[in-house]
Amino acid sequence: MAVTPQPNNRVAWVTGAGTGIGRALARRLAESGWIVAASARTARDLDSLAAEVPGRITSFQLDVTSEKACAATAAAIEASLGPVDLAVFNAGSYFPTTAENFSIANFRKTVDVNLMGEINCMGPVVPGMIARRRGHIVLMASLTGYVGLPTAASYGATKAALISVAQAFKPDFERFGITISVINP
């Protein structure tokens, strides 16, 4: 995702910002002038991220599987930093799934984090974006959403669902000036 430099008052919310792609993206956005609200489950990861770009990243510890926590976090971000202009919903988990280790519980955990976690975060930001008639939502999917790969049955299913969600919402969101994108690493 190309990161365009922004004036100092644009707010980006990045979930799954404690490690990996989310962490790198949060850092890059902050370095490009965005005010970044970084969310992850682990406070230690968030604290070290915030220290990498002092004054540009604010930590909001969050478990995206909790709809109430996502709503409270979105409200806290908007109250302390301002309206969310860019929302990058990136939290995810992966449990290898094979015939021998098939687990309904792990499948459910994957759906709860990878799919419902992103939906839980979208819920509280969409109304504000509609009211402002602007905003950008980015859903982190995967190429596994297009083709089933060995050991990725639950992971791929959630990523396919996110691709479908973005495609389904795109024309409706555009009516309100909201862009919805998918990243498929």
Side-chain angles (χ1 to χ4, degrees), residues 1-4 6 10-17 20-22 24-26 28-29 32 34-41 60 62-79 81-94 107-149 152-185:
M1 176 177 174
V3 177
T4 306
Q6 295 297 312
R10 300 280 313 264
V11 176
W13 181 17
V14 181
T15 65
I21 292 170
L25 184 55
R28 182 80 176 271
L29 286 164
S32 297
W34 287 84
I35 298 166
V36 177
S39 293
R41 289 178 298 206
F60 294 87
L62 173 64
D63 176 352
V64 298
T65 65
S66 168
E67 182 181 352
K68 288 180 182 179
C70 292
T73 299
I77 290 167
E78 296 212 354
L81 302 178
V84 174
D85 297 292
L86 171 64
V88 181
F89 298 134
N90 170 68
S93 64
Y94 172 75
F107 215 101
R108 183 172 287 115
K109 284 184 215 173
T110 304
V111 169
D112 287 347
V113 174
N114 296 7
L115 175 58
M116 292 311 301
E118 295 196 19
I119 301 303
N120 288 342
C121 291
M122 277 179 63
V125 299
V126 169
M129 289 180 173
I130 288 172
R132 293 185 297 278
R133 301 196 72 78
R134 66 178 166 78
H136 189 171
I137 295 171
V138 178
L139 302 180
M140 191 63 68
S142 169
L143 292 176
T144 63
Y146 294 106
V147 64
L149 297 176
S154 59
Y155 184 81
T158 63
K159 299 307 182 173
L162 289 172
I163 293 165
S164 181
V165 165
Q167 290 172 338
F169 273 131
K170 184 175 176 44
D172 195 38
F173 280 12
E174 285 176 345
R175 293 184 313 114
F176 297 101
I178 302 168
T179 302
I180 188 164
S181 304
V182 173
I183 296 176
N184 290 310

For this session: Working to the nearest 0.5 Å, report the span between NZ of K170 and CG of D172.
Result: 12.0 Å

Seminar exercise, completed: By side chain to side chain donor-acceptor pair (under 3.5 Å), Q167 pairs with (sequence neighbours left out) none

Problem set entry | Distance (rounded to the nearest 0.5 Å) between L25 CG and M140 CE | 6.5 Å

List, one per line, each side-chain donor-acceptor pair under 3.5 Å for residues 177-185, sequence neighbours excluded.
residue, atom, partner, partner atom, Å
S181, OG, H136, NE2, 2.7
N184, OD1, S142, N, 3.0
N184, ND2, Y146, OH, 3.4

Problem set entry | Backbone of G128 reached by a side-chain donor or acceptor of R132 within 3.5 Å | yes

Seminar exercise, completed: Between the CH2 atom in W13 and the CG atom in L62, the distance rounded to the nearest 0.5 Å is 6.0 Å

Exercise. Got a second to check how far T15's OG1 is from R41's CZ, nearest 0.5 Å?
Worked result: 11.0 Å

Problem set entry | Heavy-atom check, side chain of F89 versus side chain of M122, under 4.5 Å | yes

Problem set entry | Intermediate values then yes/no, side-chain contact (heavy atoms from CB on, under 4.5 Å), L139 and F169 | CA-CA 12 Å; L139 302 180; F169 273 131; over 6 Å; no

For this session: For the pair Y155 and L149, evaluate side-chain contact (heavy atoms from CB on, under 4.5 Å) and give the outcome as yes or no after the intermediate values.
Result: CA-CA 9 Å; Y155 184 81; L149 297 176; over 6 Å; no

Seminar exercise, completed: Separation between OG1 (T73) and CG (D63), nearest 0.5 Å, reads 10.0 Å

Seminar exercise, completed: Taken to the nearest 0.5 Å, the spacing of L86 CG from I137 CD1 works out to 9.5 Å

Donor-acceptor contacts under 3.5 Å from residues 110-117 side chains, at least two apart:
residue, atom, partner, partner atom, Å
T110, OG1, N106, O, 2.9
N114, OD1, S93, N, 2.6
N114, ND2, S93, O, 2.9
N114, ND2, T158, OG1, 3.3

Exercise. Should the heavy atoms of other residues, nucleotides or ligands under 6.0 Å from CD of E67 be counted, would the total exceed 12?
Worked result: no

